[in-house]
There are 2 protein chains.
Amino acid sequence: MLHLNRKTEYALLALEHMCLKEKEKARHINTREVAEIYHIPYPLLAKVMQELSRRGFLKSLYGVNGGYVLAKKASDITVADIAQIFEGPLAVAECFRDAKITCPQWNDCLIKDPFYELNRKLHELLVEMTIENLAMSNAS
Amino acid sequence: MLHLNRKTEYALLALEHMCLKEKEKARHINTREVAEIYHIPYPLLAKVMQELSRRGFLKSLYGVNGGYVLAKKASDITVADIAQIFEGPLAVAECFRDAKITCPQWNDCLIKDPFYELNRKLHELLVEMTIENLAMSNAS
DNA sequence: TCAATATAAGACTATAAAAGTCCTATATTA
DNA sequence: TAATATAGGACTTTTATAGTCTTATATTGA
Ligand code: SF4
Ligand code: SF4
């Protein structure tokens, strides 16, 4: 239960990899390299990278020696941001996700207030997890 | 993202309802009553109640005036327990769910340690949420 | 110049999980 | 003994996730 999906994981792996290797290699990092190291299906990771680029988290470069670099500081990218892109808004219950309430239980719901609190706390946890923090726990 | 499923919600609604109404009504509470109040499809809620009974959270009584009563103290039933029944073990990433590691990223995974911490903290939050606590926030 | 390389984008398929339905059996009571 | 309520299993529908395929575009370097 409460599973994050693979695209989110692939995105976080790629971003953290770039945070750790970017300066060391002093060049763009391409999708194939990341896919091979972490055994991620290339076409799927490519989609993920494109989405990150479209959303302004990566800057892309075409052609030979092309690839991506981080477009933001690693400390300004959170797991909450990335998960939101690939899985939509954080919502322990569906009534926190949609603006319009469609849940038939809503009027008499006994759990929505405590669940809203849970949602808030969980969001805090995800915001605390920045790419920089993730990278620090794996720095050699 | 990080959605709890409907069966879990239905189970929690039913349990909390029973916690609040059990003493007041001094009798068993049946599935139809709960289904009607909260607008839950009856056959689906029936399944949920049966599962809760099988797992020892409810005691059942057949026949006319039959129904269910709580088999444990409300303070001893947590959201973690109930969600576990209907959605399996808490696992932010799949490698925390299965004993045998099948994830191709595992060896080089840069995120599993921080994710494990997240998983632990999230579990704490769910264990703190007992049926009694839920009921208190809705007591009139 | 042109072949190789790498990103960009959209359509498509397959698989799995969630949600809901249907049917039949069994125990209890008024 | 008819009505009521739990028990259990099979089944269908719907939705979300995961992965694939194809084509187009920009850049580089030989
Ligand atoms: S109103 Fe209650 S039952 Fe409906 S989605 Fe929100 S928390 Fe769940
Ligand atoms: S090893 Fe890493 S990528 Fe694989 S499931 Fe665990 S956290 Fe996710």
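The model shown is predicted, which means the values in this text are computed figures rather than measured ones. Sequence lines set the chain letters: A, B, ... in the order given, protein chains first and strands last, and positions in each chain run from 1.
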TODO: Please tell me which of the listed nucleotides, C:dT7, D:dA18, D:dT6, lies nearest to the side chain of B:Ser60?
DONE: D:dT6
- [ ] Starting at atom CD of B:Glu87, determine the distance to atom C1' of D:dA16, rounded to an integer number of angstrom.
- [x] 15 Å
Open item on the list: Does C:dA25 have its OP1 or OP2 closer than 4.0 Å to a side-chain nitrogen or oxygen of B:Tyr62?
Closed with: no
TODO: Using a heavy-atom cut-off of under 4.0 Å over every strand shown, decide if A:Tyr42 touches base, sugar-phosphate, or nothing.
DONE: base
TODO: Establish, from distance only, whether the side-chain atoms of B:Arg6 and A:Gln105 form a donor-acceptor pair under 3.5 Å.
DONE: yes
Task: Non-hydrogen side-chain atoms of B:Tyr116 and B:Ile111 separated by less than 4.5 Å - done: no
Open item on the list: On the nucleotide C:dA8, are OP1 or OP2 found under 4.0 Å from the side-chain N or O atoms that A:Ser53 carries?
Closed with: yes
Open item on the list: Output the rounded distance in Å from CZ (B:Arg27) to C1' (D:dT4).
Closed with: 13 Å
TODO: Using atom CG of B:Leu61 as one end and atom P of C:dT28 as the other, report the distance to the nearest whole Å.
DONE: 8 Å
TODO: Kindly point out which of C:dT21, D:dG19, D:dG8 is positioned nearest to the side chain of A:Tyr10?
DONE: D:dG19
TODO: Using only side-chain N and O atoms of B:Asn65, determine if any of them is under 4.0 Å from OP1 or OP2 of C:dT29.
DONE: no
Open item on the list: Rounded to whole Å, how long is the line connecting atom CD of B:Gln105 with atom P of D:dA18?
Closed with: 11 Å
Open item on the list: Can you say whether a donor on the side chain of B:Lys7 sits under 3.5 Å from an acceptor on the base of C:dG20, or the other way round?
Closed with: no
Task: Whole-Å distance separating the CE atom of A:Met49 from the C1' atom of C:dA8 - done: 13 Å
Open item on the list: So that I can tick it off, tell me whether B:Arg55 and B:Glu51 are bridged by a salt bridge, with the cut-off set at under 4.0 angstrom between side-chain N and carboxylate O.
Closed with: yes
TODO: Salt-bridge test for B:Lys121 and B:Glu124: reply yes if a basic N is under 4.0 Å from a carboxylate O, no otherwise.
DONE: no
Task: Distance, rounded to the nearest Å, where B:Leu52 contributes CG and D:dA7 contributes C1' - done: 14 Å
Open item on the list: Do A:Leu52 and A:Tyr68 make a side-chain contact, defined as non-hydrogen atoms from C-beta onward lying under 4.5 Å apart?
Closed with: no
TODO: For the side chain of A:Tyr68, starting at C-beta, report the closest nucleotide among D:dG8, C:dA19, C:dT7.
DONE: C:dT7
TODO: Ignoring backbone atoms, test whether B:Arg54 places a side-chain nitrogen or oxygen under 4.0 Å from the OP1 or OP2 oxygen of D:dG8.
DONE: yes
TODO: Rounded off to whole Å, could you give me the CG-to-C1' distance for the B:Leu44 and C:dA17 pair?
DONE: 14 Å
Task: Phosphate contact (C:dT7 OP1 or OP2) by A:Arg32 side-chain N/O below 4.0 Å - done: no
Open item on the list: From C-beta outward on A:Lys47, which listed nucleotide comes closest to its side chain: C:dA19, C:dA9, D:dT20?
Closed with: C:dA9
- [ ] Return the 5'-most residue of the pair B:Ala46, A:Arg97 with respect to DNA chain D, ranking by each residue's nearest nucleotide.
- [x] B:Ala46
TODO: Check every atom of D:dC21, C:dA8, C:dT5 against the side chain of A:Val64 and return the nucleotide holding the closest atom.
DONE: C:dT5
Open item on the list: Between A:Asn138 and A:Glu16, is there a side-chain donor-acceptor contact under 3.5 Å, judged purely by atom types and distance?
Closed with: yes
TODO: Nearest whole angstrom, please: distance from the C1' of D:dA5 to the CG of B:Leu45.
DONE: 13 Å
